[in-house]
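Working notes, structure below.
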Amino acid sequence: MCFESTLFTPLFPMPTLRPILLLASVALLPAVLDAQPALTIYNQSFAVVRDRVPLDLKSGSNAVTFAGVTAQMETDSVVLRDPAGKNPLQILRQSYRADTISTGLMLQLNEGKTITFIVRDKDQKETAVKGKIIRSGYTPGGAMRGGSSGEQSPIIEVDGQLRFSLPGEPIFPALADDAILKPTLSWELNSAAAAKFEAELGYVTGGFTWSASYNIIAPEKGDKADIVGWVTISNTSGKTFENANVKLMAGDVNKIQPQPLAARAGGARGGAGGGGGFAPVVTEKAFDEFHLYSLARPATIHDRETVQVEFARAEGITAPSLYIYDGAAIANYRSLSPDTARNPSYGTSTNTKVWVMREFKNTKENNLGIPLPKGRVRFYRQDDSDHRIEFTGENNLDHTPKDETVRLYTGDSFDLVGERKRTDVNGSAGSAFLEETYEIKVRNHKEEAAEIRVVEHLFRGLNWAILEKTDNFTKTDAQTIEFRVK
């Protein structure tokens with residue numbers, strides 16, 4: 001297919017806006033206050049924890065400790081309250097200790113002392129060696145470092161000689177009374193009267209992430225596809241949460257990120273996740289300006305564990321492939337300087353690739369119609385010859401509310417080729433106008449017909465006119481036109 005167009009453009013460039021296809025926010029469901037811990041995890045690498053602290057207070061000042069917080073909590077975010085509102089609490093003092101007992105910390109606590117190290121030979125025979133800890137090499141909030149230039153490594157004196165590593169397994173004296181095995185909060189609480197109840201503890205913590213991902217599977221031919229959405233939750237907070245009520249907050253919540261710890265020492269057939277007549281594993285609702293997704297059942301999330309849950313499933317959605325040829329190969333024409341846009345030699349290069357896009361409507365009529373949190377979308381097609389699925393591309397989806405259209409680039413077509421060249425020009429950089437003629441060719445080497453959407457960006461100036469054309473076009477925005485060529 002070949003067509004030509006002649007473009008008349010006064011040289012007064014203006015910024016051009018590309019249409020934004022995908023912008024959305026997503027949200028989570030509320031949880032009932034009970035004895036179980038509760039987590040609301042945000043897709044910005046933090047979470048809000050709600051836990052229960054049993055209190056047996058006397059009138060006046062009370063010393064209380066709670067060993068069971070995360071190792072990355074934001075201490076100034078702590079809220080301690082009686083959820084029933086019957087017993088007001090005054091926190092006179094709060095302290096937080098996260099440096100739990102470890103080999104490195106024990107070496108630090110015993111610096112200058114001589115301890116025993118157990119050395120094992122190849123037959124596992126044990127020999128005791130005495131060594132004096134000159135330097136532990138331990139950094140609070142971190143770990144022992146070893147060996148590289150500029151890093152701290154332990155220094156142990158054995159038989160009058162210094163070793164920059166441990167000679168064996170260290171044997172330490174018994175723990176002191178103030179040693180902690182878990183990150184611990186300590187309070188001095190003032191109570192107006194004696195009271196016994198379970199207080200609610202809430203705080204913000206790092207060490208949690210969650211993300212969504214989608215797998216879209218289509219037959220070898222045709223526009224129908226099935227979609228499955230997964231939620232992946234990762235816990236590196238330093239605490240295991242047993243049978244927690246878990247909610248996932250989706251959307252762009254404004255959050256001032258603290259320094260790292262070491263630096264500061266269902267769709268169709270039953271709703272989202274429905275499919276196949278099963279009860280949804282995850283439910284969703286709008287919450288403030290965001291969306292909440294709640295796991296239907298309490299979950300145990302261990303420290304250093306990654307958990308995945310299916311949250312959406314829809315069958316038979318319409319997701320056609322689109323072929324788009326943008327031949328000008330201008331990376332970001334919206335930010336062109338006036339001099340660049342006026343330069344007649346700029347924008348005449350050619351891109352030969354025809355992009356493959358997959359598009360689907362997030363509507364109830366298309367068996368979806370649910371808020372989709374941002375995440376990676378993978379596309380597969382099933383080979384008719386052996387019924388195995390083959391990967392055909394992927395891209396990232398932004399937060400997308402229901403009733404919006406999703407369009408994602410998945411790769412370049414092998415059998416569709418484009419060519420664009422300027423065949424004539426009238427005008428120069430000093431002229432008040434520029435008249436250009438372009439010839440655009442698109443070639444199809446497939447066995448079947450294809451429609452290619454040919455995009456042209458009219459970036460040279462504020463006003464333009466197409467003087468001649470071989471095919472009809474539509475104006476998609478102030479400086480973009482599109483030809484649909486079969």
Side-chain angles (χ1 to χ4, degrees), residues 31 33-41 45-57 62-81 83 89 91-110 136-144 169-189 197-209 233-246 258-265 298-307:
L33 286 177
D34 54 26
Q36 296 171 315
L39 284 170
T40 300
I41 305 172
S45 300
F46 71 96
V48 174
V49 177
R50 277 92 60 203
D51 213 334
R52 289 303 182 101
V53 180
L55 295 180
D56 188 357
L57 303 177
N62 297 263
V64 177
T65 61
F66 180 69
V69 294
T70 70
Q72 299 187 43
M73 73 177 301
E74 297 180 18
T75 55
D76 55 356
S77 70
V78 168
V79 175
L80 185 67
R81 68 187 185 103
L89 295 174
I91 300 178
L92 302 176
R93 181 180 180 275
Q94 173 180 287
S95 66
Y96 170 63
R97 294 182 62 190
D99 222 1
T100 57
I101 290 298
S102 64
T103 299
L105 180 58
M106 290 299 292
L107 285 171
Q108 183 187 59
L109 295 175
N110 288 276
S136 68
Y138 178 71
T139 301
M144 287 189 302
E169 179 185 346
I171 306 298
F172 298 108
L175 292 173
D177 292 339
D178 61 348
I180 61 170
L181 300 177
K182 297 180 180 180
T184 299
L185 272 176
S186 299
W187 296 285
E188 185 181 349
L189 302 179
F197 62 97
E198 281 199 335
E200 181 190 31
L201 169 65
Y203 58 90
V204 176
T205 179
F208 278 97
T209 61
I233 303 169
S234 179
N235 176 14
T236 57
S237 69
K239 172 180 167 60
T240 293
F241 287 84
E242 299 279 353
N243 296 319
N245 293 314
V246 179
Q259 289 181 315
L261 180 65
R264 56 187 173 93
T300 295
I301 306 178
H302 295 91
D303 185 34
R304 308 289 173 179
E305 182 181 28
T306 298
V307 177

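Heads up: numbering here begins at 1 and tracks the sequence.
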How many angstroms lie between OH in Tyr138 and CG in Leu107, if you round to the nearest 0.5 Å?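 It is 10.5 Å, given to the nearest 0.5 Å.
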CD1/Ile233 to CG/Leu39 distance, rounded to the nearest 0.5 angstrom?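 The distance works out to 8.5 Å.
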Checking Val78 against Met73 for the side-chain contact (heavy atoms from CB on, under 4.5 Å) test, could you report, in this order, the C-alpha distance in whole Å, the side-chain angles of both residues, the deciding distance, and whether it holds? CA-CA 9 Å; Val78 168; Met73 73 177 301; 3.3 Å; yes
Applying side-chain contact (heavy atoms from CB on, under 4.5 Å) to Leu89 and Leu55, what does each step give before you reach the verdict? CA-CA 11 Å; Leu89 295 174; Leu55 295 180; 3.9 Å; yes
Do side-chain atoms of [X] reach the backbone of [Y] as a donor and acceptor pair under 3.5 angstrom?
| X | Y | answer |
| --- | --- | --- |
| Thr65 | Ser186 | no |
| Thr236 | Arg304 | no |
| Asn235 | His302 | yes |

Contact between Trp187 and Asn62 at the side-chain level, heavy atoms closer than 4.5 Å - yes or no?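 Trp187 does not reach Asn62 side chain to side chain.
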Are Tyr203 and Tyr96 an aromatic pair by the rule of ring centers under 6.0 Å?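 Ring centres of Tyr96 and Tyr203 not closer than 6.0 Å.
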Does the side-chain contact (heavy atoms from CB on, under 4.5 Å) test come out yes or no for Val69 and Lys239, once each step is laid out? CA-CA 7 Å; Val69 294; Lys239 172 180 167 60; 5.6 Å; no
Between Val307, Ile301, Thr209, which is the residue that forms a side chain to side chain contact (heavy atoms under 4.5 Å, CB included) with Ser234?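 The side chain to side chain contact (heavy atoms under 4.5 Å, CB included) with Ser234 is passed solely by Thr209 among Val307, Ile301, Thr209.
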What I want to check is whether the side chains of Thr205 and Thr70 have a donor and an acceptor closer together than 3.5 Å.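 Side-chain D/A pair, Thr205 to Thr70: present.
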Mind checking what makes salt bridge (charged side-chain N to carboxylate O under 4.0 Å, His left out) contact with Glu188, not counting sequence neighbours?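 Listed in chain order: nothing, the list is empty.
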